[in-house]
There are 2 protein chains.
Amino acid sequence: MPDSARQKPYSEISARLKLLAHPERLQILDTVRRSSQCVCHLEVLLDKPQPYVSQQLRVLREGGLICDEKDGLNTYYCVCDLGVRAWLDTILGPVPAERSRPLAGCSCPKCTAQELPIEWVLAASF
Amino acid sequence: MPDSARQKPYSEISARLKLLAHPERLQILDTVRRSSQCVCHLEVLLDKPQPYVSQQLRVLREGGLICDEKDGLNTYYCVCDLGVRAWLDTILGPVPAERSRPLAGCSCPKCTAQELPIEWVLAASF
DNA sequence: ACAATATATGCAGAATTCTGCATACCTATA
DNA sequence: TATAGGTATGCAGAATTCTGCATATATTGT
């Protein structure tokens, strides 16, 4: 039996589900699956203190659900794993086609730029 | 916007995920999605005391993940909701085609019958 | 080197969930 | 109605998770 066909133990699967079973973490995932976002963006979106947001991001990062990419002072998070995307598609529904917009109150380059950076436009239409 | 297209709040979705994020409950769901099973069957399978199994079944039942059907002394549980089945297909993989078998140690009619009851055969090939 | 901005980490009290157990309930049969 | 088998319920101590906050680190510009 090939390893890909063998089901993971229930304890492993439920450990991953536990990371999803949390309203704020779920909203973070729903946001960063649309396009990568920085911590201050999520901070405004969730209306939670920055350490709180960073903490939940760490849980998701160490659980392998999101990846981080640093750019200067900012750290952008995104959903890189295709299997995770599939789970989110089932649980939250497919990613809507609409492009994400600058968020008032977020001071990151993405949200304050006059011209949209090309890689952001590409990411939004993922 | 039709109600079916509007996404449920993250708190509701995560509440449902919490029910799944538990190894024993996950195994119960994986078992009863293949064919309906009674409490004593799950008791043998999980190797847990009966009150423990009944308790987890109650959590799943009150969460709307499983349905119960009484037949004499026995209560059979199954996954009736199609949306729940879809979640389980994504999380656990599709239901294998193989038929479920009598379980040594379970004393319910299904597991002790010489001839397989027709409705069980039908349920197994769901 | 210093200051400012963005993010990360550590920790403790609070809140929640888990699970073992005693016992109650419900149905069928003698 | 008495008994037995199968299942359900209630509860409490244990274990885990949650979250607010103080503070640490890291990068950039002056």
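Lettering of chains follows the sequences in order, A, B, ..., and the numbering in each one begins at 1.
At distances below 3.5 Å, at least one donor-acceptor pair connects side-chain atoms of B:R25 with backbone N or O atoms of B:K18.
Per the geometry, CG belonging to A:L60 stands 16 Å off C1' belonging to C:dT7, to the nearest Å. Put simply, CD on A:E43 is 9 Å from P on C:dA6, counting in whole angstrom units. When rounded to the nearest whole Å, the span between OH of A:Y77 and C1' of C:dA6 equals 11 Å. Atom-to-atom, CD of A:E62 to C1' of C:dG10 comes out at 13 Å; the value is rounded to the nearest Å. B:E69 places its CD atom 14 Å from the P atom of D:dT7, with the value rounded to the nearest Å.
A:C38 comes within 4.0 angstrom of sugar-phosphate atoms only, judged by non-hydrogen atoms across all strands, and of no base. Nucleic acid contact class of B:S54 (heavy atoms, under 4.0 Å, all strands): base. Here B:Y76 lies out of heavy-atom contact (under 4.0 Å) with every strand.
A salt bridge does not link B:D89 to B:R85: none of the charged side-chain nitrogens sits closer than 4.0 Å to a carboxylate oxygen.
A close approach under 4.0 Å does occur between a side-chain nitrogen or oxygen of B:R61 and OP1 or OP2 of D:dT9. Residue A:R58 places at least one side-chain N or O under 4.0 Å from the OP1 or OP2 atom of C:dG10. For C:dA6, one of the phosphate oxygens OP1 or OP2 lies less than 4.0 angstrom from a side-chain nitrogen or oxygen of A:S107.
Other residues, nucleotides and ligands place no more than 12 heavy atoms under 6.0 Å from the CD atom of A:E69. More than 12 heavy atoms of other shown residues, nucleotides or ligands fall within 6.0 angstrom of atom CD in B:E12.
Contact of the A:Y76 side chain with the A:C108 side chain is registered, since non-hydrogen atoms from C-beta on lie closer than 4.5 Å. Looking at heavy atoms from C-beta onward, A:L65 lies out of side-chain contact with A:W87 at the 4.5 angstrom threshold.
Grouping the Ile, Leu, Val, Met, Phe, Trp and Tyr side chains by contacts below 4.5 angstrom, directly or via other members, places A:Y52 apart from A:L57.
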Would you please test A:C106 and A:C38 for disulfide bond (SG atoms under 2.5 Å apart) and show each step?
-> CA-CA 9 Å; A:C106 176; A:C38 63; 4.1 Å; no
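When each of B:D30, B:L20, B:L26 is checked for a side chain to side chain contact (heavy atoms under 4.5 Å, CB included) with A:I13, only B:L26 meets the rule.
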Base-contact (B) and sugar-phosphate-only (S) positions in nucleotides 16-23 of chain C, heavy-atom cut-off under 4.0 Å, - elsewhere | --SSBBB-
Using atom names, set out every protein N or O paired with an N or O of nucleotides 25-30 of chain C below 3.5 Å, distance rounded to 0.1 Å.
none

